[in-house]
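Worth knowing before you read on, the calculation uses all heavy atoms, side chains too, and leaves out hydrogens, waters and symmetry mates. Just so we're clear, the structure is a prediction, and the values are computed from it rather than from any experiment.
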Amino acid sequence: MGTSRSLSTPKGKKWRNVKSDITSTFTGTRDVPDGRIVSGVVSATGGISSGGARSGGGGRTKGITKAISKLGGFGAILATSNLEKAIQSLDLPDLKDKSATEIVSIVAERLSSNVSGIEAEALKKALQDTILEASQLTEEGTYTDLEKSLQKFLQQEGIRGLVELFLAEYVFDFTWVFIEKYVQEKAKDGKSLEAFMTAHKSICGTKVKEKINEISKSKSFDSVDWFGKEGQRLANTIVAEIQKALLSLTQ
């Protein structure tokens, strides 16, 4: 686990509260409710959408919602057709000469192309991890291996499963990148660091799963036109509902 590059935790009142909760978690000086640190990071950044506190206005949601809708569209085409057409839907060239890991990296790069900076790295990493976990491939995997394994995942889990897996990875990566260095400084040893990180990821995944389950009761993810306005609206709803759920962890 862990992001490819972490930040020094930003300054400000909200970040002081997050740091205080992290310190107390490791020292045991006071009880910190489960999820409060995750919620504190989401609040301090201004939301789970790419750009964090350094972006302004509604544009903060653009990167993550576009990634969701494009990932959903990619998955829908792959499930009903083949990998070649799914890749073409992202305006990418023929990638049949590439290894599975190279293809995953290129696809993740395209899906995260609407944002930049450290948050974009979190978005790209989450996309790569999602596709690799869904495919269960090693570095020796081929184009055909990737196609078959992803189609199998989609047959079993559907677009809902793909979106859920991605958002669980993304929420973790996005929130973790801001506190990773501080947690490393405060952790007593590698074991306590690993336990904290595992718990943090579990909380993110649990909240994502709960909201995806709720939304999917009234909306079939597999019947959505993910590349159209319907897909964008659903992506916006998903992000908004997950963000509210994460912020409510402080209650």
Side-chain angles (χ1 to χ4, degrees), residues 1-6 49-51 62-174 176-177 201 205 208 221-222 224-228 231-232 234-235 238-239:
M1 281 188 217
T3 50
S4 58
R5 180 160 63 96
S6 57
S49 49
S50 294
K62 184 177 180 180
I64 182 64
T65 55
K66 281 200 170 184
I68 293 170
S69 60
K70 286 182 179 180
L71 179 65
F74 174 84
I77 292 174
L78 178 56
T80 57
S81 184
N82 54 44
L83 183 56
E84 181 180 6
K85 290 187 177 180
I87 287 172
Q88 288 175 350
S89 73
L90 300 178
D91 293 324
L92 288 170
D94 187 351
L95 301 178
K96 288 181 180 178
D97 62 332
K98 307 291 184 184
S99 68
T101 52
E102 287 177 308
I103 296 168
V104 170
S105 179
I106 292 169
V107 169
E109 183 80 40
R110 176 54 57 90
L111 292 173
S112 59
S113 61
N114 292 299
V115 291
S116 59
I118 190 69
E119 292 86 7
E121 290 185 26
L123 183 58
K124 181 181 177 181
K125 182 179 183 300
L127 288 161
Q128 286 180 306
D129 289 348
T130 295
I131 300 172
L132 288 172
E133 185 172 340
S135 65
Q136 294 291 301
L137 290 181
T138 64
E139 290 186 3
E140 290 74 32
T142 66
Y143 181 100
T144 301
D145 293 332
L146 181 64
E147 180 177 62
K148 290 181 178 179
S149 58
L150 286 178
Q151 287 177 330
K152 181 179 179 180
F153 174 89
L154 290 165
Q155 288 171 359
Q156 295 174 341
E157 306 295 336
I159 304 301
R160 167 188 161 178
L162 188 65
V163 171
E164 180 184 315
L165 184 59
F166 162 60
L167 283 168
E169 292 285 350
Y170 175 72
V171 171
F172 167 70
D173 284 341
F174 178 77
W176 185 250
V177 71
K201 184 166 188 176
V208 167
F221 283 40
D222 290 333
V224 171
D225 175 11
W226 285 98
F227 284 129
Q232 191 65 43
L234 181 55
I238 292 169
V239 171

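L137 contributes atom CG, which lies 7.0 Å from atom CG of L150 (distance to the nearest 0.5 angstrom). Taking CG of D173 as the reference point, atom CG of L123 lies at 9.5 Å (rounded to 0.5 Å). Between I131 atom CD1 and F74 atom CZ the span is 5.5 Å, to the nearest 0.5 Å. To the nearest 0.5 Å, the span separating CD on E147 from OG on S81 amounts to 8.5 Å. Rounding to the nearest 0.5 angstrom, the gap separating the CD1 atom in I103 from the OH atom in Y143 is 6.5 Å. We find the CG-CG distance between D222 and L162 to be 10.5 Å, quoted to the nearest 0.5 Å.
The side chain to side chain contact (heavy atoms under 4.5 Å, CB included) search around E133 returns Q136, L165, E169, not counting sequence neighbours. By the ring-ring contact (aromatic ring centres under 6.0 Å, His included) test, F227 is found to be paired with no residue, residues two or more places apart in sequence or in another chain being considered. Looking at residues two or more places apart in sequence or on another chain, you find no salt bridge (charged side-chain N to carboxylate O under 4.0 Å, His left out) involving K85. For A79, the side chain to side chain contact (heavy atoms under 4.5 Å, CB included) partners are L154, not counting sequence neighbours.
A side-chain N or O of T101 and one of S99 form a donor-acceptor pair less than 3.5 Å apart.
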Which donor-acceptor pairs under 3.5 Å do the side chains of residues 86-94 make with protein atoms, sequence neighbours left out?
| unit_1 | atom_1 | unit_2 | atom_2 | d |
| --- | --- | --- | --- | --- |
| S89 | OG | A86 | O | 2.5 |
| D94 | OD1 | K96 | N | 3.0 |

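With hydrogens and angles ignored, the 3.5 Å screen pairs no side-chain donor or acceptor of S105 with any backbone N or O of E102. Side chain of W226 to main chain of F221: a donor-acceptor pair is present (N/O by atom type, distance under 3.5 Å, no hydrogens or angles). No donor-acceptor pair closer than 3.5 Å links the side chain of Q128 to the backbone N or O of A108.
T65 has its side chain out of reach of I238: every pair of non-hydrogen atoms, C-beta onward, lies at least 4.5 Å apart. You'll find the side chain of L127 stays beyond 4.5 Å of the side chain of V107, heavy atoms only.
Judged as a side chain to side chain donor-acceptor pair (under 3.5 Å), the pairs with a partner in residues 148-162 (not counting sequence neighbours) are, in order, R160-N213, R160-S216.
Nearest heavy-atom pair, S135 versus L146, reported as atom, atom and distance to 0.1 Å: CB-CD1, 3.9 Å. For A168 against G205, the heavy-atom pair with the smallest separation is CB-CA, 3.9 Å.
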**OP:** Please test F166 against I64 for side-chain contact (heavy atoms from CB on, under 4.5 Å), starting from the C-alpha separation and ending with a verdict.
**Re:** CA-CA 10 Å; F166 162 60; I64 182 64; 3.6 Å; yes
